[in-house]
Amino acid sequence: MQKKKIIRRILDKTTEYLLTFSGAITGIAIVFITIFLFTEGAALFKSPEVEQGYELYVHAQNPINTLSPAETKKIFDSEITNWKDIGGKDGEIKIFRIDDAFSVYPEDELGENYALLPQKLGELIAQDENILAFLPKQYAPIGSSVKALVSHNIQPSDYFLGKEWMPTATPVPFFGVMPLVLGTLLVSIVALIIALPLGLGVAIYLSELASEKQRRLLKPVIELLAGIPSVVYGFFGLVVLVPAIQKSLHLPVGETAFTGSLLLAIMALPTIISVAEDALRNTPRAMREASLAMGATQWQTIYRVVVPYAKSGISAAVVLGIGRAIGETMAVMMVTGNAAVMPHSIFQSVRTIPATIAAELGEAPAGGPHYQALFLLGCILFVFTMIISISAEIISKKKNYKPH
Amino acid sequence: MNKKHSQFVAFLIFKLLGIIVVLILFSILGFIIINGVRVINWEFLSKFPGEGMTTGGIFPAIVGTLYLTIGSLLFAFPLGVMSALYTQEYAGKGWIVKTIRMMTNNLASVPSIVFGLFGMSLFVNKLNFGDSLLAGSLTLGLLALPVIIRTTEEALKAVPDTYRAASLALGATKLQTISKVVLPAAMPNIITGLILSIGRVSGETAPILFTVAAYFLPHLPSGVFDQAMALPYHLYVLATSGTDIEASRPMAYGTALVLILIVLTMNLLATFIRRKLEKKRSK
Amino acid sequence: MIETRNINFYYGDFHAIKNISIAIKPNTITAFIGPSGCGKSTFLRLFNRMNDLIENTRLEGECLIDGKNIYEKSTDVDALRKRVGMVFQKPNPFPKTIFENVAYGLRVNDMGDKHFIKQRVEESLQAAALWDEVKDKLQKSAYELSGGQQQRLCIARALAVAPSVILMDEPASALDPISTSKIEELVHELKQHYTIVIVTHNMQQAARVSDNTGFFMHGELVEYSDTKKMFLNPDKESTQNYITGRFG
Ligand SMILES: Nc1ncnc2c1ncn2[C@@H]1O[C@H](COP(=O)(O)OP(=O)(O)OP(=O)(O)O)[C@@H](O)[C@H]1O
Ligand SMILES: [Mg+2]
C-alpha cells in the first residue's frame with residue numbers, strides 16, 4: 001500500500017517535470033526564432049553599401065573621398081559622366097572594372113595567380129586622375145597614388161525608406177523596401193475591400209436566412225475551401241484569373257496587383273465567412289427573441305441586434321483576414337508578376353514581401369547583405385503580423401458589454 | 001419605405017450575394033475536380049514523372065509529402081500536447097504562462113514563409129543538415145507547433161472544472177485526474193486538431209522551398225538527410241517552371257486535385273473520429 | 001380578449017400541448033402553474049407566435065386575440081408581436097444603453113419623433129418603477145444594472161410600444177426576494193391597462209397576484225378557474241397535490 005503510494009507520487013512528479021520541460025522547450029524555441037530572425041536581419045546594417053568583397057578606388061589626387069549609393073549608381077548608369085557634377089575637378093569619369101584589366105594586360109604578364117595584378121592596377125590608376133575603379137578587395141591596387149573611397153555601412157533609413165529594390169545591382173545593390181511594403185499593403189487592402197462585404201453578406205445569409213439543410217450542405221464545403229493549400233489557389237489564379245483579367249481589361253499582361261487582390265479575396269472568403277458566421281450564430285437566442293417579441297422584423301433584428309452583438313467576433317475575423325493576406329506567399333507570387341517597383345496603379349505588376357523572400361532566397365548567398373536584407377523582410381512581416389494578432393486578441397477580448 | 005419592404009430588399013440582396021459567392025467558390029472546386037479527374041489514375045499515382053514532367057505520375061511527390069507530414073508531426077504533436085498540458089494544467093496563471101501563450105498565439109499567425117526563412121538558415125545552413133527531409137520536417141513541425149498547442153489548450157479548457165474537482169475530491173492524484181478524466185474528455189478535440197494540422201502541413205509550400213523540396217529526383221529519399229519532392233512544390237513547379245508548361249498542365253491539374261483530396265479526407269476523417277469518440281464517451 | 005380553441009402543438013413528433021381551450025378576459029392577470037416541462041412556456045409563446053421561430057413544429061386549432069385567429073395566413077406577425085408584448089424568464093436587455101433598450105421597440109416600429117420617443121421612454125420607465133433609479137444614467141449600458149433592475153428594464157421595454165397584452169414567462173425566477181416583490185407590485189399596477197398572462201413556479205406568487213389560474217400537466221390544462229377557488233378548493237386531486245407540494 002505504502003509502496004504504491006510512493007510510486008504514484010514519483011510518477012506524478014516526473015510527469016510534472018516532463019511537462020514543464022516541454023513547456024520550457026516550446027517557450028525557448030519561440031524566443032529563439034524571434035531573436036534569430038532579428039539578429040540575422042540586423043546584421044545588414046553592418047554590411048558596406050558597395051557590393052560585398054569589392055571596393056571603389058580612385059587616384060590619390062582626386063578630391064572625392066566618398067560616393068553615396070545614388071551617385072555611384074548614376075555614374076555606372078552613365079547618368080553622371082563628369083567628376084565636376086559630384087563636386088570634383090572637371091574631367092570625364094573613366095570607369096574601370098576588373099575585366100578591363102585583362103584587355104590591358106595579357107594574362108601572362110600578371111604572374112601566377114594574378115600575383116602581379118594589384119601592382120599593375122596601382123600603376124594604371126596612378127596614370128589617370130579621372131579613373132574610377134571598381135575592383136575586388138583581394139586585388140586591391142598597390143601604390144602611393146591610389147586611394148580607396150570611404151565606404152559606409154548600409155543605413156536603416158536607406159533600407160526602410162528606400163524606394164528601390166535592386167539587390168543584385170553592381171557596384172551598389174539597393175535594398176529599399178518601400179516598393180515591397182507598399183505592394184504588400186496594396187494587394188492586401190484591395191483584397192480585403194473585395195472580400196469583406198461579400199464575406200459578411202454570405203455569413204449573414206448562411207446564419208440568418210439559409211435553411212438548416214442549406215447550411216448543413218454549405219458549411220463543410222466552405223470549411224474545405226478554407227483548408228485548400230494556397231498553391232492550389234495560385235494555380236487556379238494562373239490558369240483562370242490571369243488570362244481572364246488580361247482579356248477583359250485589355251491589359252498587356254494579366255499578372256497585376258489586382259489579380260493578386262482578387263485571388264487573395266477568393267482565398268480569404270471562406271475564412272471570413274466561417275468565422276463571421278460563427279460569431280453571428282453565437283448571438284444568444286434570447287437577444288433575437290427579445291427583439292422579435294417587440295415587433296421588430298427579422299431584418300431589423302439582424303442589423304440592430306445580431307450584428308452589433310457579434311461585432312467583436314466579426315472584427316477579429318477581419319483582422320485575422322488582413323494578417324493572412326499580408327503573409328500569403330505562393331498564390332500571390334504566382335499571379336502578381338513580381339516587378340519590384342513602386343506601385344502606381346493596381347493594374348500593374350507588383351511584388352509583395354513574402355513573394356520577394358520566396359523568389360530571391362534561393363539565389364542570395366548565405367550570410368551576404370542580400371540574404372540579410374531578406375531576413376529583415378522576414379522581420380518586417382513578423383512585426384506586421386504580431387501587431388495584427390495582438391490587436392485581434394484585444395478586440396476579441398473586449399466585449400463591449402458583458403452580461404452579469 | 002416601411003420595414004417590411006426594407007426587409008424584402010435586404011433579404012433579396014443577401015440571397016443573391018450568397019448564391020453568387022457560393023457559386024464562384026464551388027466553381028473553383030469544380031474546375032479543378034473536372035480537369036483533374038481525367039488525369040488521376042493508378043499510373044498517375046504510382047509512377048515517376050517522365051519526359052520533362054509532361055507524362056508519368058507524381059509518386060515521389062506523394063511519398064515525399066507523406067514523409068514530411070509524418071516527420072513534422074512526430075516531433076510537433078507530442079511536444080505541442082505536452083506544452084499545452086503544462087500551460088493549461090500545471091503552470092499557474094503567472095506571467096511566464098501568459099508570455100508563452102502570447103508568443104504561441106503570435107507564432108500561429110506568423111506567415112509560413114518566415115518559417116521557411118528561419119528553417120533554411122538554422123537547419124540547412126547553421127546546423128548543416130543541408131536540404132533534407134530532416135530540415136524540412138523540423139521547419140514544418142515548427143509551423144504546426146503553435147496550431148497544435150492552441151487546439152489542445154482549447155480542448156483542455158473545454159473540459160469543465162467540475163470534472164477535475166470531482167476526481168481530485170475522490171482522492172485521485174493530479175496525474176490520475178489528467179490521464180483518466182481530463183485527457184479522455186479532451187481527446188476528440190485534440191485528435192481533430194491533429195488531423196486538421198495534417199491537412200495544413202501537407203499543403204504548405206513556402207516552408208519547404210528552401211529546406212527540402214527538390215525540383216525532380218529520379219529516386220525516392222532513402223534517409224533523413226536526403227532531399228525529397230513534395231506535392232505542393234511539385235504543383236508550383238509544374239505551374240510555373242516546367243520545361244513545357246502547356247504540356248504539363250494535365251499533370252498540374254491532377255496534382256492540384258490530389259492536394260484537395262488530401263484536405264477533404266482529413267476534414268472528413270476529423271469529423272468522423274470526433275463523432276465516434278464523442279459517441280463512445282457518452283455511452 | 002384571448003381565446004384558444006382545441007389547440008394542439010407538436011415539437012416534431014412530441015405532442016407538447018394537448019387540445020387546450022381557454023378564454024382570458026381583458027385587464028385580468030392570469031397565472032399558469034404546473035410542473036417543469038408541462039408546456040406552460042410553450043403555451044404562452046403561442047400567443048405571440050414565438051414558437052414560429054423553432055423549426056420542425058406544428059400547430060392545430062385556433063388562437064384568437066380580439067376575435068381574430070392569429071394563425072391565419074394574413075396575420076401580420078410583427079404587428080401581432082407589437083400588440084402582445086413579452087417578458088422573458090432571464091432578463092435579456094440588448095447590449096445597448098438603458099435609453100436605447102426602451103426606445104428599441106419605438107424605433108423598429110417607426111413610432112413617433114425624437115421628442116415623442118424621449119417622453120415615451122420616461123413614461124415606460126416610470127410605469128416599470130425604474131425611473132428614479134436610472135434617470136441619471138440613461139446613457140449607461142443596460143448591463144450595469146442589477147438583475148432585478150434589468151428585468152424591470154425589460155418590462156419597461158415591453159411597455160414602451162403600448163401593447164394590450166403582456167406575456168411574462170417566470171419573470172421573477174432569476175431574482176432575489178426584494179426584486180421579486182417589486183416585480184409583483186408592478187404586475188399588480190399594470191393590470192389596470194393591460195391583460196397579463198404570467199407563468200410562475202411560485203405558488204404564493206400565483207396566489208398573490210393573479211385573478212385566474214391555470215394548472216398544466218403533461219401538456220394538458222388540468223384545471224382553470226378563479227385563483228381563490230383554485231387554491232382553496234380545487235376540483236381535481238392532482239391540482240390539490242401539486243399546490244400542497246405533494247406532487248412528485
Ligand atoms: N425547442 C424545443 N424542441 C423540442 N422540444 C421542446 C422544445 N422546447 C420545449 N420542448 C419540450 O416541450 C415540453 C414543454 O416545454 P416547456 O418549455 O413549455 O415547459 P415548461 O412548462 O415551461 O417548463 P419549465 O417550468 O421548466 O419552464 C418539454 O417536455 C420540453 O422537453
Ligand atoms: Mg418554461
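Just so we're on the same page: letters track the sequence lines, and every chain starts at 1.
Between A/R285 and C/L53, some side-chain heavy-atom pair lies under the 4.5 Å cut-off. The side-chain heavy atoms of A/S211 and C/E55, taken from C-beta on, include no pair separated by under 4.5 Å.
We find the CD-CG distance between A/E212 and C/N56 to be 10.5 Å, quoted to the nearest 0.5 Å. Note: A/M294 CE to C/Y104 OH = 8.5 Å, rounded to the nearest 0.5 Å.
Other residues, nucleotides and ligands place no more than 12 heavy atoms under 6.0 Å from the NE2 atom of C/H188. Counting non-hydrogen atoms of neighbouring residues, nucleotides and ligands closer than 6.0 angstrom, the NZ atom of C/K25 reaches no more than 12 such neighbours. C/D13 CG: 12 or fewer foreign heavy atoms inside a 6.0 Å radius.
Between the side chain of C/N92 and the backbone N or O of A/S291 there is no donor-acceptor pair closer than 3.5 Å.
Neither the backbone nor the side chain of C/R49 comes within contact range of chain A; no heavy atom of the residue lies under 4.5 Å from a heavy atom of that chain. Heavy atoms of C/P91 lying under 4.5 Å from chain A are absent altogether. Contact annotation for C/V87: neither backbone nor side-chain heavy atoms come within less than 4.5 Å of a heavy atom of chain A.
Looking at C/K90, C/R45, C/R81 one by one, the single match for salt bridge (Lys or Arg N to Asp or Glu O under 4.0 Å) with A/E289 turns out to be C/R45.
For the residue pair C/D78 and A/A296, the shortest heavy atom distance occurs at OD1-O, 3.8 Å. Scanning all heavy atoms of the two residues, the minimum distance from C/P95 to A/M287 falls at CD-SD, 3.8 Å. A/A293 and C/F88 make their closest contact through CB-CZ, 3.9 Å (heavy atoms, listed as atom of the first residue, atom of the second, distance).
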